[in-house]
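Working notes for the structure below.
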Amino acid sequence: MPSVSESDELIFFVNGKKVIEKNPDPEKNLLFYTRKVLNLTGTKYSCGTGGCGACTVMVSRYNPKTRKIHHYPATACLVPICWLHGAAITTVEGVGSIKKRVHPVQERLAKCHGTQCGFCSPGMVMSIYTLLRNHPEPTPDQITEALGGNLCRCTGYRPIVESGKTFSQKSTVCQMKGSGKCCMDPDEKCLESREKKMCTKLYNEDEFQPFDPSQEPIFPPELIRMAEDPNKRRLTFQGKRTTWIIPVTLNDLLELKASYPEAPLVMGNTTVGPGIKFNDEFYPVFISPLGVPELNLMDTTNNGVTIGAGYSLAQLKDTLDFLVSEQPKEKTKTFHALQKHLRTLAGPQIRNMATLGGHTASRPNFSDLNPILAAGNATINVVSREGKDRQLPLNGPFLEKLPEADLKPEEVILSIFIPYTAQWQFVSGLRLAQRQENAFAIVNAGMSVEFEEGTNTIKDLKMFFGSVAPTVVSASQTCKQLIGRQWDDQMLSDACQLVLQEIRIPPDAEGGMVEYRRTLIISLLFKFYLKVQRWLNEMDPQKFPDIPGKFVSALDDFPIETPQGIQMFQCVDPKQPQKDPVGHPIMHQSGIKHATGEAIFIDDMPPIDQELCLAVVTSTRAHAKITSLDVSEALACPGVVDVITAEDVPGENDHNGEILYAQSEVICVGQIICTVAADTYIHAKEAAKRVKIAYDDIEPTIITIEEALEHNSFLSPEKKIEQGNVDYAFKHVDQIVEGEIHVEGQEHFYMETQTILAIPQTEDKEMVLHLGTQFPTHVQEFVSAALNVPRSRIACHMKRAGGAFGGKVTKPALLGAVCAVAANKTGRPIRFILERSDDMLITAGRHPLLGKYKIGFMNNGEIRAADVEYYTNGGCTPDESELVIEFVVLKSENTYHIPNFRCRGRACKTNLPSNTAFRGFGFPQATVVVEAYIAAVASKCNLLPEEVREINMYKKTSKTAYKQTFNPEPLRRCWKECLEKSSFFARKKAAEEFNGNNYWKKRGLAVVPMKFSVAVPIAFYNQAAALVHIFLDGSVLLTHGGCELGQGLHTKMIQVASRELNVPKSYVHFSETSTTTVPNSAFTAGSMGADINGKAVQNACQILMDRLRPIIRKNPKGKWEEWIKMAFEESISLSATGYFKGYQTNMDWKKEEGDPYPYYVYGAACSEVEVDCLTGAHKLLRTDIFVDAAFSINPALDIGQVEGAFIQGMGFYTTEELKYSPKGVLYSRGPEDYKIPTITEIPEEFYVTLVHSRNPIAIYSSKGLGEAGMFLGSSVLFAIYDAVTTARKERGLSDIFPLNSPATPEVIRMACTDQFTEMIPRDDPSTFTPWSIHVS
């Protein structure tokens, strides 16, 4: 540790204001500093790993050499504050605010409806804003690229991209008709002849304020003077435990590295930062050579280019772009390969922070660049204090970290030399990841071949593979044996065999997917072989034959296109009064606040005096006795106030089967055993690591559904519905097909993790909680039970949640009680924020499901009998598992009338964290099984699945299997319009033609219908209440029992109040949901939030209008404010409680009949995909959605819900994969391991239509659309199924196969069996324990 008496001053600017930190702590990051020190809470914490973009800020630095200012995005969670010396930081508050001026970026994001929950919105704003600072008129592709590092769980991205495209010159309207009209728009005559005119514009661009780039804040001149100071000196920042040193010259850097050889060089902190956070790495000294000029040089020679180690990956890409444009193509093949990977490597924030030198030196086994650099014969220029400059080959021994080829501790990478490629040399980079962008490769490769001039004889060959071993590995022995061979099919066959022998992935290898990764090694090799063959043909078409035409499409990866689309909805009746907002696409009432960062979430609330932070200690065993719990070491840690255990719960520790603190036994990995309360979260977390727990394992440990069935382990009794005579019908059908489908679970991945602030009151044992929840009453119940005080003493306040999707129905009650117990014991306010990894571990998600079916049908496709069994993995406690399995059984027929139908379902009890409510509530899992057996019947009958769907679909007013009457006319309309307007049959024919011409890529289409139920079969859960106050100035304060989760519930309620009271919506204000204003509220779930709360608000407003009517009669031409004043003077109450008794639903499980749902939402979706059969990658080309919205109260919000749910569903069915160890440990605990869709996954063309119908039972004849779109995402799954089926048929394989969900690249590739999948070695499952298992 350097002996420094005091720190230098750290100087940087934030939003134009100078910050001088006299005692900077190198262990503090910018996210903590902006939020907790500067109180700039617009920048959000969501993942803490740089993987989600919620904490994006703009960093601006002045380069004294170029005399230019460089603006770039960065994730604040990875930026140490000491890294900021001399930089200017702009947060969302510095872009604009409601108090000062809303920036056009913020305004357009909000007005284009690009915010829902609003938690990701500041990060989106910062990414677009930074782009505009560099490119004031960006292209659509630049916008798409700029947003590649930002995740959104709500919107489905389309409106966010659209808001960015408003800054582009290019029109966002397709020009198919030549006149500038949209190809989807019907002619004017058609519009008028329809029942209702359709609109396509959700916002008015004329309302946007102009964007003037010249008005942006200037870069602080003081920082320019600092950067140009010729007398710059070394700076040292001394923290409590660590020291941060900034050298200014190369000699200074080398001196420091010699003195502190173990000190990491920190340029972007994208490797060191995560290592400290997740691997508990500790470094007493950091060296940050950001300003050393020699690390930032670029030099070109006749042989190649030397690029400084300090170049960020984004700067590297810009340099390569320039070189490729300047140099002949034959010289830049390595550059081309690097360019391609640099587009998708991580996100823009990480690419702008990570450096070439850091990436090369850290040598991650998943590196996309190092294999290409090695294949391209790159060398590393290394320097040290002794002056022993040397060139280190960037080759196999270096990448495999062999001692003789490694960096010495005192050495520094100065630069990387990348040679030009020779005329007869070819270099390529290949990769495959779970999703196209911002995801580590499952397998990647860098390959190069050089031929004897004018021949196809191999002179030199290099192959490097990543993600197949602990390091990047070279297939050097394979390459040696192939030198001198001709580049032909026999060479390829031998190469595949040799490389599989040389690179052995053990069957229990970390990361799993062993057979798939083995297949990818040779599939990528084959792609390289084809690329080289094609290149040889281009070099000499006479000598070298081209590859077969059917193979050409295998050469290229899927392009990244900017999504576009059209949204259609019913126009408002022109006779409707102008100030009546119902039916208009009105912006979310908090939209602008979301975009400016001024919308307050729980952790944005300022700290309270004596507040403590809470950290959890969770079980590491799935089923065990706790033999000892030692908290003494934790209690002795700095800042710790107390450790809370089950002994400290004054009331019920086990309420309704849900356990707050494990006491003598743990029943899952992730169960809370105790919590640590300390003055800071860092202190609490450090102390939590020091709690010592001893266990004795208990048998059996049940992890999977299969194990639960073996042990007869269930959470609830079987649920069953049956109609007709199923057994008899099976004897009188032409064919029977049987099968089983596995549907894995899903993580909610709400952007705001579970967050609670509990404040004990000094009187009457009162407790106040602020939290994000869908069910404040449930939180109140659990806290009341835990503290053993009446519910009237527990006040739950809920302003908004940063996403929920069902994950905040029951879980906040348990966590709220845990937090309240800690607050009660310590007598101090407790702030309890789950880190992303803890949130994913503790709260679980959607129920994995196993479906078994037996279907009897006629040869014409008519299904006569179905016997279906469902089992869900409920986890270790009841939670909502029984209700979920009831929904699964009730929804199990989807849109099909099967006269003889039996469905049974049961929730299994396992030793996993309890699964819970999730958008769709069982329907998205159950109906995959339904559509799978439809596809199986179609295959047996040689029909399209769509034809079998049509044959068996409900066609007239009918009764469901549980004897509820309904009219399927809107369903038929959605289905018909979807088939027609998506041009399904024409596109199906075009896909068949494409498939005939392409062997390795296949297209598939699917149209999936939906009959989705709203609300719940328990009548009292459908009730709601509202409270409306009118104040003497005429303003209105509205509250109700519903919760704002991003769906725009409060916006709709303001619209309702505005219509009912006949006042402008600007008069109506909504503050928060609270148990103190509206008691006993039901959960905001089941797509019924607007339905039931709307009726309650309407009732309250009508009561008030009834009271005001005599006043209005006396003065009919008076103003609203005058009427209110007169009413008050006549002692008329201006406050009213509204109430809605609720939909009178019921279900009698003994009789197997009832009216469980008030109505259905119908819909259909058509999706088209293209699948790469060699890698398993897929691209979603187009989706058309038609949803029966009845009358939409707010089309912008409803379309946002449909699109967001569809993309979330698409993720569920494709990229989102939860991985568990055989012992029940969840591996997928952050955005690095769990891949929700990004912008690149959404359809290239995305069309959504709200179909008009009538629904008199609901408020203004509307329908609840919050969940319906989720299942429509399965159209992507079945389009993939269609494409894979085509591939299998062409290869002579069965066209009935289990395509389970999710259809990950692994599932797709391994279903496309071919010579490469047959070639790989396979292991006897009895000889090893796999790294991960499926739990469905």
Distance-only side-chain donor-acceptor flag, Asn997 / Glu993, under 3.5 Å: no
Aromatic plane relationship, Trp1000 with Phe551 - under 30° parallel, 30 to 60° tilted, over 60° perpendicular: perpendicular
Any donor-acceptor pair under 3.5 Å from Lys459 side chain to Glu450 backbone: no
Lys/Arg-Asp/Glu bridge criterion (N-O < 4.0 Å) met for Arg1003, Glu1170: yes
Taking every non-hydrogen atom, the tightest pair across Thr1215 and Arg435: CG2-CB, 4.3 Å
Presence of salt bridge, Glu1318 and Arg1291, under 4.0 angstrom: no
Nearest atoms (heavy-atom pairs only) where Val427 meets Ala337: O-CB, 4.3 Å
Closest heavy-atom pair and its distance - Val473, Glu400: CA-OE2, 3.4 Å
Worked verdict on Leu316 versus Leu338 for side-chain contact (heavy atoms from CB on, under 4.5 Å): CA-CA 9 Å; Leu316 172 63; Leu338 289 166; 5.6 Å; no
Pairwise distance CD(Glu502) to OG1(Thr478) - rounded to 0.5 angstrom: 4.0 Å
Separation between CE of Met1310 and CE of Met513, rounded to the nearest 0.5 Å: 11.5 Å
Arg1288 (side chain) donor-acceptor with Thr1313 (main chain) under 3.5 angstrom: no
Any donor-acceptor pair under 3.5 Å from Ser523 side chain to Thr519 backbone: yes
Pairing of Lys550 and Glu1290 as salt bridge, 4.0 angstrom limit: yes
Ile505 side chain reached by Ile521 side chain, heavy atoms, under 4.5 Å: yes
Stepwise side-chain contact (heavy atoms from CB on, under 4.5 Å) check, Phe440 with Ser467: CA-CA 9 Å; Phe440 294 138; Ser467 295; 5.8 Å; no
Flag, side chain of Lys333 to backbone of Gln425, donor-acceptor distance under 3.5 Å: yes
Residue Lys388 excluded, over 12 heavy atoms near NZ under 6.0 Å: no
Smallest separation among heavy atoms of Ala374 and Lys462, with atom names: O-CD, 3.7 Å
Student check: side-chain heavy atoms of Ile458 and Met491 closer than 4.5 Å: yes
Distance-minimising heavy-atom pair for Thr1240 and Lys1179: O-NZ, 3.1 Å
CE on Met298 to OH on Tyr311, rounded to 0.5 Å: 5.0 Å
Ring geometry between Phe426 and Trp535 (parallel below 30°, tilted from 30 to 60°, perpendicular above 60°): tilted
Working for side-chain hydrogen bond (donor to acceptor under 3.5 Å, both in side chains), residues Tyr529 and Asp489: CA-CA 9 Å; Tyr529 170 76; Asp489 289 355; 2.4 Å; yes
Side-chain H-bond candidate by donor/acceptor type, Ser415 with Asn381, under 3.5 Å: yes
Residue pair Ile1242 / Leu1180, side-chain heavy-atom distance below 4.5 Å: no
Worked check of salt bridge (charged side-chain N to carboxylate O under 4.0 Å, His left out) between Glu538 and Lys329: CA-CA 13 Å; Glu538 288 169 359; Lys329 191 177 178 182; 5.3 Å; no
Gln423, CD atom: more than 12 neighbouring heavy atoms under 6.0 Å: yes
Side chains of Asp1172 and Phe558 in contact at under 4.5 Å (non-hydrogen atoms): yes
CG-CG distance between Asp318 and Leu313, expressed to the nearest 0.5 angstrom: 11.0 Å
Ile307 side, atom CD1; Leu320 side, atom CG - distance, nearest 0.5 Å: 5.0 Å
Side-chain (Lys1001) to main-chain (Ala554) donor-acceptor, under 3.5 angstrom: no
Whether Tyr516 side chain and Thr1175 backbone form a donor-acceptor pair below 3.5 Å: yes
Side-chain heavy atoms of Trp424 within contact of Leu536, under 4.5 Å: yes
Under 3.5 Å donor-acceptor, Thr562 side chain and Thr144 backbone: no
Gap separating the CG atom of Asp508 from the OG atom of Ser1332, nearest 0.5 angstrom: 11.5 Å
Minimum-distance pair of heavy atoms, taken over all atoms of Arg534 and Ile547: N-CG2, 4.0 Å
ring-ring contact (aromatic ring centres under 6.0 Å, His included) assessment of Trp487 paired with Phe544: CA-CA 10 Å; Trp487 195 262; Phe544 307 115; over 10 Å; no
Sub-4.5 Å side-chain heavy-atom contact between Leu432 and Val443: no
Ionic contact status for Arg343 with Glu437, cut-off 4.0 Å: yes
Beyond-backbone contact of Met447 with Phe465, side-chain heavy atoms, under 4.5 angstrom: yes
Ionic contact status for Asp556 with Lys527, cut-off 4.0 Å: no
Contact check, side chains of Val1307 and Ile1280, non-hydrogen atoms, under 4.5 Å: no
Full working for side-chain contact (heavy atoms from CB on, under 4.5 Å) between Lys257 and Leu265: CA-CA 9 Å; Lys257 195 70 175 106; Leu265 300 187; 4.0 Å; yes
Intermediate values then yes/no, salt bridge (charged side-chain N to carboxylate O under 4.0 Å, His left out), Lys1235 and Glu1241: CA-CA 11 Å; Lys1235 296 301 176 186; Glu1241 274 68 54; over 6 Å; no
